[in-house]
Amino acid sequence: MSTPEDLHRQLGLTDEEYERIEGILEREPNRAELAMFSVMWSEHCSYKSSRIHLKTLPSEGPDILVGPGEGAGIVKVGDLAVALRLESHNHPSFVEPFQGAATGIGGVVRDVLSVGARPIALFDPLRFGPLPVEGRVPQTVGERNRFLVEGVVSGISSYGNCIGVPTVGGEVKFEDCYSGNPLVNVMCIGVAPVERIHHARADGPGNKVLLLGSKTGRDGIGGVSVLASASFGDDDADKRPSVQVGDPFTEKLLIEACLELMEAGLVVGIQDLGGAGLSCATSESAANAGNGMKVNLEAVPRREQGMEPFEVLISESQERMLVIVEEKDAERALSICDKWGLAASVIGEVAAGGRLEVTDNGSIIADVPAASLGDGPIYDRPIQAPHWIEDLARQEVGASPPDDLGKTLLELLAAPNIASKSWVWEQFDHQVMLGTVVTPGHDAAVIRLPSSSERIAVSTDGNGRYCYLDPFLGAQHAVAEAYRNVSAVGARPIAITNCLNFGNPERPEVMWQFAESVRGMGEACMALGTPVTGGNVSFYNETSGSAIYPTPVVGMVGVMPRDVIPPPIGFQNEGDVIALVGMTSDDLGGGEYARTILGKIGGRVPRLDLGTEATNGTVVRRLIELGLVSSTHDCSEGGIGVTVAESCIAGGIGASLELDDELAPHVWLFSESPSRYVISYPESRSDEVIELVAGSNGHIARIGAVGGNELIWGPEIRLDLETLTATYKRSFAEAMGYAR
Amino acid sequence: MKFEVAIDVMPRREISDPQGQTIERALPTLGFDGFESVRVGKRIAVVMEAETEAQARDIIEQACQRFLTNPQIEHFSYSLTVMQGTT
Amino acid sequence: MKFEVAIDVMPRREISDPQGQTIERALPTLGFDGFESVRVGKRIAVVMEAETEAQARDIIEQACQRFLTNPQIEHFSYSLTVMQGTT
Amino acid sequence: MTKPQVGVVVFPGSNCEQDVVHAFRYLGAEARYIWHHETDVSGFDVLVLPGGFAYGDYLRTGAIAAFSPIMDSVRAFAHEGGPVIGICNGFQILCEAGLLPGALRRNTGLKFRCIPVQVRVETTASPFTSSAGEGQVLEIPINHFEGNYFCDDETLSVLERDNRIAFRYCSPDGETTAEANPNGALANIAGIISEAGNVLGMMPHPERAIDPEVGGTDGEVIFRSVMAASSLVTQG
Ligand SMILES: Nc1ncnc2c1ncn2[C@@H]1O[C@H](COP(=O)(O)OP(=O)(O)O)[C@@H](O)[C@H]1O
Ligand SMILES: [Mg+2]
C-alpha cells in the first residue's frame, strides 16, 4: 500500500512538480486532480523535455496556414487547406501489433478530423527488428519480429481499409535495434475548404459540450492504476485493459458525422480525445479560448459499470470526439449523430472564468484552472555526445570490392530493406476515393484533390542508421530524401511534419541525439524551404536499457499543377538515354551495402550539401514540367545499382550502363551520395536536357542506355530482367513466410 | 488416444467488443427482442492424438497460451472428450 | 427469466476452412504435435431475457437461422442456461 | 435523350459510394445517393450497392446491411426488372439478402488484397455486359478480404447452364487458371447474375477503372452497358 505522500511519485510526478500543483491549486490536489495532472504533465502529453528544442524549428512560410500546436498542421494548396499529421503508436504495437497499429491509424485520423479536414490519405513509416532470413538475430527474435510485421500490417489494413481512407505510402525498414522496440508511425493527410478550418477552442460561455462516439471504458489508464490500488485494493488493477481494441466502423461514422456537423455550420470548436482523454480535451479547448468548462461526468456514456470518476476523466477510450455547439444547435447536432447511429450526449458547458469544474452526480470531483493542466513543466535536460560516435565514424567500410558484383546487386535487391514492399501495400486499399494518381511503390504518392487544379505529392522518410552515426546529418538526410522523393514525381516541396522517435530523454546521450537531430532537421527545412507544421515526439523507446537508433521520421508534402504529369520510375523506351543528375563520391558509410553485404554499421554518413539538393530538385522538377524525361527515380538506398535495377524492373526493360573510370566499381554502384536522380529521356532530347541542367548549375552525366532484357554493366554484371524482377518482387513475401 | 477438443476464445470482459456491440444494436431492429448483451469470440474445434488425457490437456493449454489466443485481450476455456473407439 | 446462451457457429464440414488449415500447418512448426484437424468458427455469447425457456430457444433459433448464421456455409448449435437468481 | 438516373445506396460503413457516383457522372449519367433508411427508389433507372464495410462487416460481410430498410425497395425494384449492381460489399449484401445465390467467404490466402486483376466476360447477354465482347478480358482492381465465392454444386450447375456467370478471373490472355484466381473463388467466379438477369454482383471494382487519371478504363464497358440498357427502358 502506498502512502499519500509518495502517491505523486508513483504517478510519475517529481516532488517539485507536485509542489507546483499545490501552488496552482493553493491546496493539496485530490485523487482525481492528481490523476489529471500526472497524465497531462507526462512526457507524452506535455513535451516537457522536447519543447525548448522544438521551438527552434522553422514553422513559418507563405504556404503555412496553421503551424505547430493544433491537432494537425495545415498548408494552403490552391483554394484548399491540406492538413498533415504524423504520429507514433510504438509501444501499443509491440504489445499487441494488430490492435496497436489499428488504433494508431484511428488516432491520427481523428487529429486531422479535429481541424475540420476530411482524411484523404494515410502513410505508415514502420521500423522492425530483422526478419529471420537475414540471420542477424536469434531465430526466436526473428520470428517475433516477423509476427510483429504481420500483425502491424494487418492492423493498418483492417482499420484503414474499413474507414475508407487509402493508405498510399510508407516505409518498412529493418535494423537490429528495433527488435525490442518496433516503430509504428502513421501519417494522415486531410483536406478542407480554407474557410472551414476548425480549432480546438471552447468559445462562448454557455455553449454546450458534446461528447460523441464510442462509450467510455477503462482504456489506457494503466499508468495511474496506483490511484485505484491505493484506495480499492490491487485486484482492481486487472480490470484495466492494457490493450485497446479499435472500432473502425465507429470511426467511419464519427468522420461522417463530424463532417456533417461542420458542413451544417454547427461546430464552434472541436477536439479529438487522445492522450489523457477528457481531461485533455476539456481543459485544452477551454484554455485555448481563455475560458473554463463545467463537466458533468454522470452524462458520459460508459461501457462498464462501477467506473471511478477519475477513470472516466483520464480514460483513453478510442473513437471519441468533443464538439462545442451553441445551445440552440444542440438538438440538431444530436440528431445528426443519431442519424449516423452514433452515441452522443451533452456532458457540460463552456464557462467564463477559466476554471475546469468536474462534477459527478452533484459532488465535486475536480476544480482546477483549465490552463494549468496544459501548462506543464519544461526541462532543459543535460546533453552529452556519446563516446562511441567517433569510433563508429572511423570504421572502414568497403575498401575492397566484392567478388561478384552481379551477385551482390541481387543480394541487395532481395534484402528486406530494399526489396519491393508490394506484399505490404497490396493489403492496403490504396485506391478508394479515386484520388491516387501515383500509387505505392514509386518515389512519392501523388494525390489529386477534389475540384482543384493542384495535386499533392507526399513522401515519408527517415534513416535511423544515419542518425545513429550522426544525428545532425542523419536528420538532414531524412529531410533531403523526402525532398528528393517529392521532387522526383514533379512536385514542389512546401512543408513537413515529423515524428521524432528516441530513447530515454533522461539520459544525456539520448538528449544529445535529440538536440542534434532537431538542429539538423531545422537547418535542412530552412535551406529547402519546407517549414515544420508540427510533429510528434516519442521518447522512452528502449528495452532493458538499450535505446533504438535515434529515428526522426519526416512526412513531406509538395504541390504540383494538375497538368504536370508525374513520370514513372520505370524506363520506358528502347534507346532512351540514362543519365544521373548529381554527383557520386565514395559514400558507402552507414549505407545499405555496408550493412547488408558487409554486416557493418559504421563509417561516415554521406556529406550533404543542401544547396546542391535544392538545385538538383529544382532541375528535375523543371525537366518534368517541360515533359523532357521519360522516367525519373531518386537514387538513395543501394545507390545507382539498385536504382537502375528498380527502373528496369518497373519499366519491364533492360539497360546497359557505361563504366566509370574514377571510382572503384562497387563504390560507383552502391555509394549513397545524396542529391541524385536517375532519369531517362529520348536521345533527341539530349541537348535540351543537358542545357537545362547545366544552365541551372546542376550536374548531369550520361551513364547508359535503355534497352534489351538484361541489365548490363561492363563485363561484370549481366542479369536478365526476369531474375531481377523475381528477386525484387518476391523476396519480401518469401521473407515473411509466403512463398508465392 | 484420440481427443476432440472444443476451445472457446472470448474477448476479455473489460475489453471493448465492437462486433458484439454492433450485433446487439442490430438485433432489435430486425425484430429480435430481449437481448441484453452479445459478445463474439472464436470457437476452435480440434481433433488430436495424445498418449493420455493429461498430455492432451497440457498441449492444448500451451497452444492456447502461446499461439491460439492473445491473453492481453482474450481468455479461453475448452472441453475435451475422448473419441470413441480410439483407446 | 434471464438466460445465458452460447452459440457455436462452425463452417460446414464439406466446405474448406483455410483459417483452420493454416493453424493446422503452423502448429507442428511451433512444436505442437498430434493435431489432426483444426476448424475455426465463431462463438457468440448472449445474455437474454424471455418469458420461458421455450420462448428463449425459439428466439435464438430464429435469430440463428435468419441472421446470426448463413446456412449456405455455416451450421450452428447452442446451449442455454438459466441465469441464477433471475426466475 | 434523358440521362440515366443512377441511385447509389449508402449504408453506414459504405465507402465507395462517392467513387461510384463520380464514375457514373464521368460517363454522363445522373447519379445520386440513397440513404439506407430511405425506401423510395422511384425515378431511378439503375440501383448500385457500392463497396465498403457496411456495419463494419461485423458478424459476416453484408449480414446486417441485408436487413436495412432500403433492401425491401431494392428487392421490389429488382422484381420489376430494374437493373441492380452490387460491387464488392454490395455483392456480399445482395447474397446475404437472397437476391443472388451463394456466399462470399474469406480469401483463401487469408489476406486482404488490393490489386488489379483480369476478368473474362463470360456472357454478353446481360444488361451489364451487352457492350462487351464475349471472352473479352478486362483489367479491373479488386479490393477485398472476403471475395471467395461459394455456392453448392447444384447452384453452380444452374449458374453455368443459364449463362449467369458474368465474369471469371483469368490470366492476361484469358485462361481461367488457378494462379489467376486471387481469392479461391469457386470456378474462378468474379461476378454472377440473378435468375431474371437484372441483378449483377461482382467483386472487382469497375468504378476504379473508369477515370483514366487514376487507373485504366476497362470498367467503363460495364457501366456503359447498363446505362444503354436503362435508357432503352426509359425511352421504352
Ligand atoms: N508500409 C508501407 N505502406 C505503404 N507503402 C509502402 C510501405 N513501405 C513501402 N511502401 C512503398 O514503397 C515505396 C518505396 O519505399 P522506400 O524504399 O522506402 O522508398 P524510398 O527509398 O524512395 O524512400 C514507397 O514510396 C512506398 O510507396
Ligand atoms: Mg524513392
Side-chain angles (χ1 to χ4, degrees), chain B residues 1-13 17 19-20 22-24 26-53 55-69 74-79 83 86, chain C residues 1-13 17 19-20 22-52 55-69 74-79 83 86:
Chain B
M1 286 166 80
K2 208 171 256 187
F3 299 90
E4 222 166 19
V5 192
I7 306 168
D8 292 316
V9 184
M10 294 302 290
R12 282 170 52 175
R13 213 148 262 295
D17 171 21
Q19 176 160 229
T22 306
I23 297 170
E24 198 177 302
L27 281 161
T29 70
L30 308 182
F32 298 109
D33 292 319
F35 286 85
E36 286 188 8
S37 89
V38 178
R39 292 182 77 77
V40 181
K42 273 196 291 255
R43 158 155 279 219
I44 307 176
V46 163
V47 174
M48 70 183 296
E49 190 63 59
E51 303 275 298
T52 60
E53 180 173 326
Q55 193 199 28
R57 287 189 183 273
D58 192 54
I59 294 174
I60 290 291
E61 279 168 37
Q62 290 222 24
C64 281
Q65 268 152 20
R66 286 186 31 216
F67 174 57
L68 294 174
T69 74
E74 299 164 330
H75 63 81
F76 69 92
S77 60
Y78 67 97
S79 66
M83 281 176 86
T86 67
Chain C
M1 286 165 80
K2 208 172 258 188
F3 300 90
E4 222 166 17
V5 192
I7 307 168
D8 292 316
V9 183
M10 295 302 289
R12 285 171 53 174
R13 227 157 245 293
D17 170 22
Q19 201 180 347
T22 304
I23 294 177
E24 206 176 297
R25 276 195 305 272
L27 282 163
T29 70
L30 299 172
F32 297 109
D33 292 319
F35 285 86
E36 286 186 9
S37 87
V38 178
R39 292 182 75 76
V40 181
K42 277 193 282 250
R43 159 156 280 216
I44 307 177
V46 163
V47 174
M48 71 184 296
E49 189 63 59
E51 303 276 299
T52 60
Q55 193 199 29
R57 287 189 182 273
D58 193 52
I59 294 174
I60 288 293
E61 278 166 38
Q62 290 223 22
C64 281
Q65 269 151 21
R66 285 186 38 218
F67 173 53
L68 293 175
T69 73
E74 299 165 328
H75 64 83
F76 70 92
S77 60
Y78 69 97
S79 66
M83 280 177 86
T86 68

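All heavy atoms count here, side chains included; hydrogens, waters and symmetry mates do not. None of the values given here were measured: they were computed from a predicted structure.
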TODO: Among the options B:Val40, B:Asp8, B:Ile7, pick out the one with the most heavy-atom pairs lying under 4.5 Å from chain C.
DONE: B:Asp8

Task: Choice from B:Ile59, B:Leu27, B:Val46, B:Leu68 maximising heavy atom contacts with chain C below 4.5 Å - done: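 Most heavy-atom pairs within the cutoff with chain C belong to B:Val46.
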
- [ ] Could you please spell out the steps behind the side chain to side chain contact (heavy atoms under 4.5 Å, CB included) verdict for C:Ile60 and B:Phe32?
- [x] CA-CA 9 Å; C:Ile60 288 293; B:Phe32 298 109; over 6 Å; no

Task: Atom group of B:Ala63 that falls short of 4.5 Å from chain C, counting heavy atoms - done: both

Task: Region of B:Phe67 in contact with chain C, defined by heavy-atom distances below 4.5 Å - done: side chain

TODO: With a 4.5 angstrom heavy-atom cut-off, could you sort out which part of C:Gln62 is near chain B: side chain, backbone, both or neither?
DONE: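 The answer is both parts of C:Gln62.
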
TODO: Could you list all the side-chain hydrogen bond (donor to acceptor under 3.5 Å, both in side chains) pairs where at least one residue sits in residues 27-40 of chain B, not counting sequence neighbours?
DONE: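 Checked against side-chain hydrogen bond (donor to acceptor under 3.5 Å, both in side chains) - neighbours excluded - the pairs reaching residues 27-40 of chain B are B:Glu36-C:Lys2.
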
Task: B:Arg13 atom CZ, neighbour heavy-atom count above 12 within 6.0 Å - done: no

